[in-house]
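Beneath this line is the structure, given in structure tokens, with notes to follow.
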2 protein chains.
Amino acid sequence: MRVRDDDLDAVTPVDHDDTDIGEINEIIGFHIRLAHGACYRHFTETFAELDLTQKQVSVMWLVDDHPAISQIDLGQRLRMDRATTMTIINRLQARHFLRREKSPTDGRKQALFLTAEGEKVLGAAKLAIREHENWVKSRFTDAEVKTLMELLARIHE
Amino acid sequence: MRVRDDDLDAVTPVDHDDTDIGEINEIIGFHIRLAHGACYRHFTETFAELDLTQKQVSVMWLVDDHPAISQIDLGQRLRMDRATTMTIINRLQARHFLRREKSPTDGRKQALFLTAEGEKVLGAAKLAIREHENWVKSRFTDAEVKTLMELLARIHE
DNA sequence: CGGCGATTGTATGCAGTGCAAACAAATAGG
DNA sequence: CCTATTTGTTTGCACTGCATACAATCGCCG
């Protein structure tokens, strides 16, 4: 019962399935966006119960790895500007996963620390991350994963 | 209290430069997000003058490739829901790059067409896309580009 | 043929993210 | 000491994603 609409413009010499998108399919940026979207959706599903976003998990992870890190440093490592970093820190602080302290060495900076609850949540998040990673990696060999990581890293420097 | 925060967790066998992010660096989803972010930023710069987003260009491109396409079909091909598709179509229509017509074969559907101005803008956009693509591809060999596209496609099916 | 469920478009609201501008507090450097 | 810079903060705007609700239309089945 599915109506095919491919019949009126079947001119492009590419595969034509239900989701043929023509020459835009050759644009690498387009594939990066689609792949990111697919990842984002699966991540959101996986973290629905924990109610955490990618950024929030990344921030907690980094704060755990680097206690007393400043917001600006955090933002630079995750490629976020100060305003975006603020939003995320505020949210995590409101949920008592993280706390701000005045940096003793630089009065401008805030020193960030996970709370005990934050540590607990991060532990659960890391388990969910593993599940999410397996979802991504399930379609690749180990060598392909290595290659993909290497190529992606070259894009974001 | 430490001045440097790198010294207390130098256990992960990864490079440690100014933007070391520790074990999170081994998460493939993280690299996809960073790569997407880098692409997004460069795209935004490249299209600042044309004032177009990735989605808007994708939509115009697809409407041009598939005249009389419906909104739902467009959304499925670009992995967007109806509400998001609406927003983009509305914006493009308000700028007179695109027009809606009632589908003659299905009263529920809208048939989408580019206007003459839309065609013109799409032409300019495709040039900008080429520039953007070159920015991405400049760090890869042709074989690597092919590999990357193939691996990315496997993520979003 | 008629009614009912499914599809499509539309409108509204909420949340996450990105970016810019402006301001205050503190630091760094001459 | 004075000035420029850094850092955090706030505010506002825009794009995107998702959920919900509603109306019009279509397809299918009795």
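Here is the naming used below: chain letters follow the sequence lines, and residue numbers restart at 1 for every chain.
In this model, the phosphate group of dG18(C) is not approached by any side-chain N or O of R41(B) to a distance below 4.0 Å at OP1 or OP2. One finds no side-chain N or O of T44(A) lying less than 4.0 angstrom from the OP1 or OP2 phosphate oxygen of dG17(D). In this structure, R100(B) reaches the dT10(C) phosphate: one of its side-chain N or O atoms is under 4.0 Å from OP1 or OP2. Dashed line: the shortest gap from a side-chain N or O of Q71(A) to OP1 or OP2 of dT9(D) is under 4.0 Å. One finds no side-chain N or O of Q54(B) lying less than 4.0 angstrom from the OP1 or OP2 phosphate oxygen of dT16(D). For K55(B) and dG17(D), the shortest distance from a side-chain N or O to OP1 or OP2 is below 4.0 Å. An OP1 or OP2 oxygen of dA24(D) is reached within less than 4.0 angstrom by no side-chain nitrogen or oxygen of K109(B).
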side-chain contact (heavy atoms from CB on, under 4.5 Å), that's the test. Do K126(B) and L122(B) meet it? Break it down for me.
CA-CA 6 Å; K126(B) 285 189 179 183; L122(B) 178 60; 4.0 Å; yes
What do the steps show when you test D81(A) against T84(A) for side-chain hydrogen bond (donor to acceptor under 3.5 Å, both in side chains), and what is the final call?
CA-CA 6 Å; D81(A) 65 12; T84(A) 304; 2.7 Å; yes
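Heavy-atom nearest nucleotides on DNA chain C were determined for A83(B) and for G107(A), and the one closer to the 5' end corresponds to A83(B). Residues G37(A) and A111(A) each lie close to DNA chain D; by heavy-atom proximity, the contact nearer the 5' end of the strand is made by A111(A). Across the interface with DNA chain C, nearest-nucleotide mapping of K102(A) and D51(A) shows D51(A) to be the residue nearer the 5′ end.
Ion pairing between K146(A) and D142(A) fails under the 4.0 Å rule for side-chain N and carboxylate O.
Of the candidate nucleotides dT9(D), dG18(C), dT7(D), dG18(C) has the atom lying nearest to any side-chain atom of T84(A). Residue D81(B) places its side chain closer to dC18(D) than to any other of dG8(D), dC18(D), dT17(C). Nearest to the side chain of T87(A), among dT17(C), dG16(C), dG9(C), sits dT17(C). Relative to the side chain of R91(B), the nucleotides dA11(C), dC15(D), dT7(D) differ in distance, and dC15(D) lies closest. Comparing dC26(D), dT10(C), dG8(D) by their nearest atom to the side chain of M86(B) picks out dT10(C).
Here the P atom of nucleotide dT8(C) and the CZ atom of R108(B) are 6 Å apart, to the nearest Å. In this structure, H36(B) places its NE2 atom 11 Å from C1' of dC15(D), rounding to the nearest Å. Regarding I88(B), its CD1 atom lies at a distance of 8 Å from the C1' atom of dT16(D), rounded to whole Å. Per the geometry, CZ belonging to F47(B) stands 15 Å off P belonging to dC15(D), to the nearest Å. Rounding to whole angstrom units, CD of residue Q56(B) and C1' of dT16(D) are separated by 11 Å. Computed from coordinates, the R79(B) CZ to dG17(D) P distance equals 12 Å when rounded to whole Å. The separation between D106(B) atom CG and dA6(C) atom P is 17 Å, rounded to whole Å. Rounded to an integer number of Å, the gap from I89(A) CD1 to dT7(D) P is 15 Å.
Put simply, the side chain of R82(B) and the base of dG9(C) share a donor and an acceptor less than 3.5 Å apart.
Summarising the local packing, CZ of R139(A) is surrounded by more than 12 heavy atoms from other residues, nucleotides or ligands at distances under 6.0 Å.
F43(A) and H132(A) have perpendicular rings, their planes meeting at more than 60° on a 0 to 90° scale where under 30° would count as parallel.
Residues R77(B) and N25(A) bring no donor and acceptor atom of their side chains to less than 3.5 Å of each other.
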